[in-house]
Amino acid sequence: MADAPDLAELERRATGRGPEYGADAHIVCDNLVRIYQTQGVEVIALQGLDLLVASGEMIALVGASGSGKSTLLNILAGLDVPTAGVARVAGADLLDMSGRDRLRFRRELVGFVWQQTSRNLLPYLTAAENVEMPMRFAGRRRASRRARAESLLDLMGIGHRASARPAEMSGGEQQRVAIAVAVANEPKVVLADEPTGELDTSTGAEVFGALRRANRELGVTTVIVTHDPDVAGNVDRTVGIRDGRTSSEILRRATRHASGHVEIVAEEYAVLDRAGRLQLPREFTTSLSMKDRVRLALETDHIGVWPDRSDDDHR
Ligand code: ADP
Ligand code: MG
C-alpha cells in the first residue's frame, strides 16, 4: 500500500495552495482560528481568517462590533494566542513561540496604540518622558533617547508639547504621543485598535495623519482598526471583516487622465478564500432573490452567477 499523503499534502490538494502562501508578506494570517471558552460556552471569534499585508503597507480593518477585529489585533501583537491556523508577523511564528521570544517580540517588533488614551501613556510622565520610556527598557543611551524622543514628537506635529503631562493635553495630542511611544524602539509593525474612537472627526483626522507619517517616514507596516468611514480614504487598502473572516477589500489606485489630472479610484473586491469560497454581498443576493444555491457559468473573462430557476421548470 502506498504511504498515506501527509496533512500538508492533503491541504495543498484541497486548496490548490502550497506552503508558499504569503511567503513574501510581512503579516500572514492563514486559516486563522480563535475560539474562546467561557463557562462551557464556545465563541468562535475568528473562523478561518486569511490576510496578507505587505511590508510598509498601511491598511484599515473595518467591520461590525463583535466581528473579531480586536481578537485579530491582539493575536498580531503577541498578546493572545490563536487556537489554530498560521499567524506570522515580521518572520515570527505566533503559534510556536517560547515565552521569552514572545516577550522580545512584543518589546521589539510591534508597537501598539489603544483606543483609551489613558491606557497608552503614564500619567505622571511628560510626553517626552513617555516616549523615552520604552527606549530606557531597551537600554538605549540617554542622549540618544532624548534626541529620538524629540524628533519623533516633531514628526507627530507635537514637538511643542514635549514637557506637558497627559492630563494637560487634548485627546488628539495624547494619541499622537502614543504613536511616538509605539514607534520609539523602531518596531517593524504598528497596530492601532480604534485609535480615534474617542475623538471627534477633525481630531481623528490629525491622528490618522500622524499614523500616516509614521508609516511613510519610518517605513513601519501599519494596521488600524476603525469605525470611521472617512479614515478609510487615507489608507492603501481597507479590509472588511465579517463573522471572523475577511469578506471584502477596497483598493485605492491612482489613475492619470490624459489631462495630467490624477484621480484616486477606489474599487471594492470580494475576498476569494483559500478553498475558492467567496461571500456575495447581501444587497446583491436579495435583489435577485438568490438563496440556497446559484448557477455558475465560466465565461472567457469572468464567472456568471444566476439565481436558481429549477423550481420554475418543474411547475
Ligand atoms: P470587535 O473588536 O470586532 O468588536 P472582538 O474581537 O472584540 O470583536 O470579539 C469577537 C467575538 O469574540 C465577540 O463575540 C466577543 O464577544 C468574543 N470575545 C472577545 N474576547 C473574548 C474573551 N476574552 N472571552 C470570550 N469571548 C470573547
Ligand atoms: Mg474591538
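As the structure lists them, so they are numbered: ligands from 1, and atoms in each ligand from 1.
Shown here are the protein N/O/S atoms lying under 2.8 Å from the Mg ion (ligand 2), water excluded: Ser70 OG.
The side chain to side chain contact (heavy atoms under 4.5 Å, CB included) test with Arg145 singles out one residue from Met133, Glu150, Glu129, Glu132, and that residue is Glu132.
The closest approach between Gly68 and ligand 1 falls below 4.0 Å for a heavy atom of the residue. Residue Gly244 places every heavy atom at 4.0 Å or more from ligand 1.
For atom 7 (O) of ligand 1, the closest non-hydrogen atom of the protein is Ser70 CB, 3.7 Å. Looking from atom 27 (C) of ligand 1 to the surrounding protein, the closest heavy atom is Tyr36 CD1, 3.2 Å. Closest protein heavy atom to atom 10 (C) of ligand 1: Gly66 O, 3.4 Å.
When every heavy atom of Thr221 is checked against every heavy atom of Ala54, the shortest pair comes out as CG2-O, 3.6 Å. The minimum heavy-atom distance linking Leu52 with Arg237 is given by the pair O-NH2, 2.6 Å. Minimum heavy-atom separation, Ala180 to Leu152: O-CD1, 3.7 Å.
Here the side chains of Leu211 and Asn215 are not in contact, with every heavy-atom distance at 4.5 Å or above. Side-chain atoms of Val183 and Pro187, non-hydrogen and from C-beta on, do get closer than 4.5 Å to each other. Side-chain atoms of Asn31 and Val86, non-hydrogen and from C-beta on, never get closer than 4.5 Å to each other.
Every N/O-N/O distance between Thr38 and ligand 1 stays at or above 3.5 Å. Considering backbone and side-chain atoms alike, Val43 places every N or O at 3.5 Å or more from each N or O of ligand 1.
Every atom of ligand 1 with a heavy atom of Ala64 under 4.0 Å away is listed here by number and element: 3 (O). Near Ala45, the atoms of ligand 1 lying under 4.0 angstrom from a non-hydrogen atom of the residue are 10 (C), 11 (C), 12 (O). Distances below 4.0 Å separate heavy atoms of Thr71 from the following atoms of ligand 1: 5 (P), 6 (O), 9 (O), 10 (C).
Using modelled atom types, one finds no donor on one side chain facing an acceptor on the other under 3.5 Å when comparing Asn120 with Gln174.
Cluster membership check: Phe105 shares its hydrophobic cluster with Leu73, using side-chain heavy-atom separations under 4.5 Å among Ile, Leu, Val, Met, Phe, Trp and Tyr. Each of Leu46 and Val62 belongs to its own hydrophobic cluster when Ile, Leu, Val, Met, Phe, Trp and Tyr are linked at side-chain heavy-atom distances under 4.5 angstrom.
At least one protein heavy atom sits closer than 4.0 Å to atom 5 (P) of ligand 1. For atom 15 (C) of ligand 1, the nearest protein heavy atom is 4.0 Å or more away.
Within 6.0 Å of the OH atom in Tyr36, the count of heavy atoms belonging to other residues, nucleotides or ligands exceeds 12.
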**Study point:** Residues Ser144, Arg140; criterion side chain to side chain donor-acceptor pair (under 3.5 Å); working and verdict
**Key:** CA-CA 7 Å; Ser144 139; Arg140 196 168 175 142; 2.7 Å; yes

